[in-house]
Structures are given as C-alpha cells and as structure tokens.
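First the structure, in the form of structure tokens, and then the observations on it.
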Amino acid sequence: MVKQMNYFRILTAIFFTLFLFALSGGAQESTSGNTNSSPSTDDSNINYNFHKVPSGDNLKVFHDAVIGHIVNNKGIQDFYSIPAVETQWLATILASETKWHEQMQKLEQDYRKAFQERAQLKSGQNDRAIRIENYATAIAKIENEIAEIQRQIVQINVDQQVYINGLRETPVTSLVAIKTLYTPDLMSSKKKLDVLNSSIFKSMEKPVLAHISAAYGNSMNIPFQAGHIRVTYLYPENITHFDSQANEYVYLFLRVEAYPFSSGRSKAEIADSRSASVNVLADIEQIENYLKTENVGDKRLLDWLKKESNYQNFNNGHLINKIQGNLSDFKIFSNGLKQSISELTSNAQNLGAKRDSLIGSGEEERIESEYKRTKDLYHQFYRNRKVLTYEKYTLENDVMFSLFLIEGDAAKNNGSTKQKQMIDSNIADNIPISGRPLKDIFADILITANQKSKLDLQNYRERIYRSNDEQTQLIQGELAWEVKNEEFSILKLTRGNVGSRSHFVVHLAKRSELVSKPGFPSPKNGICRYTLLFKRGSNVMRNSSKSNLNDLVKCLRKFPQQIIQITGHSDPLKPDFGEGSKFSNVTLGLKRAEKTMATLVKLDFNKGRFVVISKGGKEPVAKGKKEQNAGKDRRVEVLSKPNFESF
C-alpha cells in the first residue's frame with residue numbers, strides 16, 4: 001500500500017513539473033510538425049474564448065488569456081500551419097458584413113416605402129376631391145423625389161469609382177525565386193534589396209504581374225492596370241550553387257508585393273545586363289519542384305517557403321473575395337434605389353386611374369402604424385453594431401515590426417475607405433525576449449498591440465435617412481461610430497524560425513461593439529422653444545436649468561438668421577410668498593430676460609438678434625398655492641422661429 005502511494009506521488013510531481021515547464025520557458029520550443037497541413041474545413045466544434053479588452057492599467061487579462069490559450073492547446077501551435085479557427089473567423093467576418101448590409105438595405109427600403117405612403121396620405125392623396133385638385137402637384141413631388149434618388153445613384157457611382165481608385169495601394173503578394181550569377185554586391189545583406197530594386201527589377205516585374213493577372217484577373221469585375229511591384233522581404237540566408245561549368249550562381253527567394261490596380265509601372269533603373277532567371281512560385285508543388293530541379297536549399301528554406309505560400313494564397317484569396325463583396329454591395333445599393341425609382345414612376349403613371357378611389361375604413365391607421373413600425377426598426381437597427389476584425393502581430397529580435405490587419409469594410413457609400421493589408425513599423429516597440437518565459441513575451445505583444453493599434457472608425461461610416469421636421473421628405477445624413485467596448489480571442493500563439501531569426505507570432509480575433517452617432521445637416525430654419533427657471537426674487541438662474549441652457553444654445557446655433565425673443569416672467573402677487581408688486585414683477589421679469597440675453601451674447605450670439613419682453617406675473621403656468629408650484633412661474637421663455645408675424 002505504501003509503495004502504491006509513493007508511486008502516485010511521483011507521477012503527480014512529474015505531471016506538475018511538466019505543466020509548469022510548458023507555461024514558462026519550456027513552451028519556447030516551436031513544434032514544427034507537418035508543414036504541408038492545410039486548414040481544416042470541419043468548424044462545427046470551433047469555440048472562441050473572448051476576453052474583454054481592459055481599460056486603464058489592468059493588464060492581468062492579457063497574461064490570463066495567454067496562459068489559458070497555451071493550456072487549452074497543450075503548448076504553442078505549429079508555426080507553419082493555418083488553424084481551422086482562423087479560416088472560420090475570416091469567413092465569419094465576410095458573412096457578418098454581408099448580413100449587416102443586407103438587413104440595413106431591407107429596413108431602409110421598407111422605411112422609404114412606408115414614408116412615401118404616409119406622405120401621400122397626409123398630403124390628401126387619399127381623398128377623392130383633393131386628389132383630383134392636386135394631381136399635378138403630386139406628380140411634381142414624385143418627379144422631385146425621383147430626381148433626388150437619381151442624384152444619390154450618381155453619388156454611389158462616384159463613390160464606387162473612388163473606391164476602385166483607392167485599390168491602387170492594395171497589394172497582392174507573391175513568392176519569387178531569382179537565379180543569377182554571383183557578384184559581391186549580391187552577397188552583402190545590406191546591398192541585396194538595393195540591387196534588386198534597381199538592376200534586376202525590370203526582369204522580375206513583368207512575370208510577377210503576369211502571374212497575378214492570370215491567377216486573379218478573371219475573377220474581378222474590373223480589369224487590372226499596368227501595375228508595379230515592391231520587394232518587402234528577402235530570405236536572409238545566402239544560397240549559392242556551382243553548375244557543371246564551375247559557374248557560381250546565387251539564389252534569392254523574395255516576398256514581393258504586386259500592385260495590379262496601379263496605373264503605372266515602378267520607377268526602376270535601366271535593367272542590369274547580367275542574366276537573371278525569375279520564377280514565380282505559385283504553390284507548394286512548384287516550390288518543391290524548383291528546389292529539387294535546382295538542387296538548392298535546406299529544410300529551413302523549404303519550411304519558410306511553404307509557410308509563406310500557405311499564408312499568401314490564403315490572404316490573397318480573402319482579399320479578392322472582399323473586393324468582390326464591396327463591388328457587389330455598391331451594385332446592391334444602386335439597384336435598390338433604381339427599384340425605388342421604378343415604383344415611384346409606376347405611382348405617377350397610375351395616379352390618374354386611382355384618383356376616383358377612396359381609402360377603405362381603417363386604412364389611415366394601417367399606414368400610420370406601418371410607418372411607425374418601419375421607422376423604429378430602421379433607426380433601432382443602426383444604434384449599435386458589432387464589428388469583427390482579424391489581426392496578426394509578429395515579433396522579430398526584440399522589435400514588434402509589423403501588424404497585419406483584416407477588417408470588414410462597412411462604409412460602402414464612403415469613397416474615402418482605404419484598404420489596409422500591411423503596415424510596417426506601425427506599432428514598433430522594444431520587447432525583450434532573451435531569457436524570458438514565452439508566456440510573458442506573448443503577453444507583452446498583446447499589451448503593446450492594445451496600446452497602439454486602434455480600430456479605424458472612418459471605414460464604417462454609412463449613409464442614413466430620416467424625415468424632415470415637416471414630414472414631407474427624407475433627408476440624408478451620415479452615421480459615425482464610437483467604440484463602446486472591445487473583446488479579443490487568441491487564434492494562434494507560435495514561435496518559429498525564418499532563416500536564422502526567431503519570430504514570435506500572435507493571431508487575434510477582435511469583436512468591437514460600436515454605438516452610432518447619427519449626424520444630419522441643419523435645416524435652413526426651425527423652431528427653438530426653451531424655458532429657464534430662476535431663483536425667487538432674483539435674476540440668477542437655477543442650476544437645474546443649466547442643461548436646458550446648453551440645449552437652447554445648440555438649437556439657436558442651427559438657425560443663425562432667426563430672431564430670438566426672450567420673455568421674462570415672475571410669479572403672480574401672493575400674500576405669503578409672492579415676489580412683489582405688479583410693478584416690481586414687471587421689472588424683475590425684465591431683469592431676468594436681460595440677464596439671459598447677456599449670457600447668450602457672451603457665447604458669441606449677435607446682439608441684434610434679440611427682442612426682450614417682460615410679462616411680469618400676467619401669464620402664470622403653475623397650478624396650486626404652494627411655494628414649489630410658484631417656482632415654475634419664475635422663468636424666462638426663449639423662442640426662435642422663422643416668422644413671428646404668423647406664429
């Protein structure tokens with residue numbers, strides 16, 4: 001029995017030792033595994049463990065997230081493989097954006113239809129006699145609305161073209177192998193990129209762009225332009241090989257960004273006279289065949305090329321799908337407006353035939369109810385929104401040098417939207433790695449990313465609509481956002497070698513909850529009516545009215561051409577708590593009105609806009625004989641409107 005207990009204790013000690021080793025330095029060894037593995041398509045059991053992004057200095061959540069991920073995955077993940085959770089998350093981003101915009105468009109169309117029906121009702125279109133009398137007026141209104149929708153279609157077309165022009169800065173990556181005769185400048189790590197971007201550049205540009213065009217050009221709705229390329233990474237190891245004639249060749253393996261939407265080629269120098277063989281490595285099979293044929297490279301080179309090929313094909317495919325989705329959204333919005341024009345045109349053509357009909361019993365209530373329902377659903381839908389993004393952070397030799405960001409483009413109507421793919425040195429920060437546990441390194445990457453990487457809310461602006469004050473037409477506004485809270489889920493933690501250099505990589509799924517800030521243009525004129533309360537027997541405003549004063553100022557600034565009428569009041573003469581005689585009440589009301597005008601003048605309102613009146617205690621609004629009721633009469637009423645004579 002004693003031997004069994006000792007055996008159990010030994011096993012327990014070994015288990016906890018291995019567990020602690022995995023959480024600290026022991027987890028730093030990368031598990032290379034099978035570098036040929038492809039992302040799994042079975043996502044039925046995928047779960048995301050989201051953590052709320054903390055505010056302030058609460059950094060424990062990042063450490064807990066890293067430890068939890070390492071424990072759940074029994075260590076860090078394979079450096080070269082793409083986890084199924086990443087594939088599913090990118091698909092979820094696209095599906096989420098598509099679904100949101102389809103729902104938004106459907107609600108907008110329903111709201112437009114209900115508004116038009118209600119406008120017809122309110123303008124007398126459902127009354128037989130008025131309909132006949134106002135037939136020409138109704139047709140003119142419909143034609144004006146059609147003209148406005150046509151203007152919106154033109155604007156969408158302009159936005160689409162601006163979006164297409166913005167793709168000039170969007171890269172599609174490729175792997176390129178260059179074989180050329182040995183020269184001393186090519187063996188210098190400091191001069192390699194300079195030589196590539198000057199002498200051999202022209203020989204590389206044409207085949208790379210041709211490969212991109214052949215691989216993706218047929219799937220796009222717009223043709224590729226002349227394009228240019230840029231070398232962004234060069235495999236750091238020197239690889240040479242002697243042929244049968246004792247010629248020494250240098251092999252260079254590069255990550256190249258091609259810009260097929262750009263209209264001009266690169267500003268490269270005159271091509272070098274040296275002979276250079278350029279091969280675009282499109283997939284793993286081509287990589288293996290090339291290395292075997294040329295008899296060059298080792299396992300480190302093969303692993304790096306396979307990893308690069310997997311991620312480049314993966315990311316390029318996602319980019320192409322996103323661009324196609326954006327262009328499709330422009331078409332959806334435009335077709336929706338064209339459908340509205342078709343319906344309005346049909347209404348105008350059939351208006352004469354319907355002028356003898358009367359709306360049946362209860363039809364007015366149905367129209368009002370439908371209008372309220374569609375309006376509430378439409379405005380309620382865009383009050384809040386959840387945005388999904390994908391982020392990848394890489395740490396190389398103590399410096400976090402790059403951020404890879406994928407986010408859904410919600411602002412389909414916003415021509416200023418820019419595509420983000422690679423932002424070099426955007427969140428650079430020194431993070432020590434020597435002698436540190438792996439979990440602490442990953443936690444520091446998350447902390448730095450949280451401090452310096454923020455969601456670009458400009459990419460999520462939308463067009464929205466609401467009725468004007470007279471309920472006669474829809475006016476267009478802009479929907480901006482602010483971040484309410486954010487959550488992150490770790491998709492992958494890994495460490496591996498690129499050549500002789502260590503890379504620490506963190507892949508994140510992000511969920512951001514946004515709160516909308518609708519903005520609409522100010523009307524040319526309108527009505528401002530506010531009441532400010534004062535202390536008894538004084539022209540000092542009560543603290544409770546300061547919020548009303550702020551709202552008053554905001555309203556008055558919207559209509560800078562209108563007269564502002566300020567009327568001072570007091571409570572009526574009371575035996576126990578009145579403010580004074582009839583004469584003193586008029587004087588007190590005037591002092592309150594003048595004090596209000598002086599306050600507004602200090603806020604840069606034109607003094608010539610004001611009309612000051614005192615009514616004293618002639619127009620009380622309070623009911624009852626108690627002191628707290630009388631406080632409602634100690635007031636100033638501020639009114640601004642377009643036309644005082646007809647009010």
Side-chain angles (χ1 to χ4, degrees), residues 466-472 475 477 517-647:
R466 69 165 174 82
S467 61
N468 60 355
D469 293 337
E470 295 80 16
Q471 301 283 315
T472 57
I475 58 176
K517 298 191 298 183
F520 293 90
S522 300
K524 296 180 180 180
N525 51 57
I527 298 174
C528 299
R529 188 195 299 271
Y530 289 84
T531 298
L532 308 175
L533 301 180
F534 287 75
K535 296 181 179 180
R536 179 183 178 186
S538 169
N539 65 347
V540 177
M541 188 174 62
R542 289 163 58 176
N543 290 333
S544 60
S545 288
K546 289 184 178 179
S547 61
N548 267 12
L549 177 62
N550 293 334
D551 293 339
L552 168 65
V553 170
K554 292 178 182 178
C555 184
L556 294 177
R557 292 194 193 283
K558 295 179 182 178
F559 317 113
Q561 305 300 321
Q562 294 181 176
I563 295 296
I564 303 171
Q565 178 178 289
I566 304 177
T567 305
H569 298 268
S570 68
D571 63 8
L573 183 61
K574 301 289 184 182
D576 298 326
F577 49 82
E579 291 190 299
S581 66
K582 292 182 179 180
F583 176 78
S584 62
N585 279 350
V586 173
T587 303
L588 180 57
L590 184 60
K591 288 182 178 180
R592 288 170 173 167
E594 289 176 341
K595 181 63 176 293
T596 302
M597 182 185 73
T599 300
L600 294 174
V601 170
K602 288 181 180 179
L603 295 173
D604 296 327
F605 284 89
N606 186 348
K607 195 173 183 179
R609 294 178 61 188
F610 295 96
V611 175
V612 176
I613 302 172
S614 176
K615 295 290 184 70
K618 292 182 179 179
E619 297 180 1
V621 294
K623 297 180 181 180
K625 300 181 179 180
K626 295 182 179 180
E627 166 66 17
Q628 59 265 34
N629 295 328
K632 298 178 181 179
D633 291 326
R634 300 162 189 164
R635 71 193 192 278
V636 161
E637 294 180 345
V638 182
L639 174 63
S640 178
K641 56 189 178 119
N643 188 350
F644 276 87
E645 288 74 11
S646 62
F647 192 83

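Here the structure is a predicted model, which means the values were calculated and not measured.
Annotation: the span from Leu639 atom CG to Gln562 atom CD amounts to 9.0 Å, rounded to 0.5 Å. Distance CG/Asn539 to OG1/Thr587: 12.0 Å, rounded to 0.5 Å. Rounded to the nearest 0.5 Å, atoms CG (Asp633) and NZ (Lys615) are 13.5 Å apart. Rounding to the nearest 0.5 Å places CZ of Arg557 at 6.0 Å from CG of Leu603.
By the 4.5 Å heavy-atom criterion applied to side chains, Arg634 and Arg592 are counted as neighbours. Here the side chains of Leu556 and Val553 are not in contact, with every heavy-atom distance at 4.5 Å or above.
Asn585 places no side-chain N or O within donor-acceptor distance of the main-chain N or O of Ser570, the cut-off being under 3.5 Å. Checked by atom type and distance alone, the side chain of Asp571 never pairs as donor or acceptor with a backbone atom of Gly631 at under 3.5 Å. One N or O on the side chain of Ser640 and one on the backbone of Ile563 form a donor-acceptor pair closer than 3.5 Å. With hydrogens and angles ignored, the 3.5 Å screen pairs no side-chain donor or acceptor of Thr567 with any backbone N or O of Ile613. Of the possible donor and acceptor atoms, none in the side chain of Ser545 sits under 3.5 Å from a partner among the backbone N and O of Leu532.
For the pair Phe605 and Ile564, the tightest heavy-atom approach, listed with the atom from each and the gap, is CD2-CD1, 4.4 Å. Minimum heavy-atom separation, Phe520 to Ile475: CE2-O, 3.8 Å. Taking every heavy atom of both residues into account, Leu552 and Tyr530 meet most closely at CD1-CD1, 3.7 Å. Closest approach of Gly568 and Ala593 over heavy atoms only: N-CB, 3.9 Å. The two residues Pro642 and Gly526 make their nearest non-hydrogen contact at CD-O, 3.4 Å. In terms of heavy atoms, Pro620 sits closest to Gly617 at CD-O, 3.6 Å.
Considering only residues two or more places apart in sequence or on other chains, Lys595 meets the salt bridge (Lys or Arg N to Asp or Glu O under 4.0 Å) condition with none of them. Taking the side-chain contact (heavy atoms from CB on, under 4.5 Å) definition, one finds that Lys546 meets it with Met541, Asn543, sequence neighbours left out. Remark: Thr531 engages Leu533, Arg635, Glu637 in a side-chain contact (heavy atoms from CB on, under 4.5 Å) (not counting sequence neighbours).
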TODO: Give the C-alpha distance, both sets of side-chain angles, the deciding distance and a yes or no for side-chain contact (heavy atoms from CB on, under 4.5 Å) between Thr596 and Phe534.
DONE: CA-CA 10 Å; Thr596 302; Phe534 287 75; 3.5 Å; yes

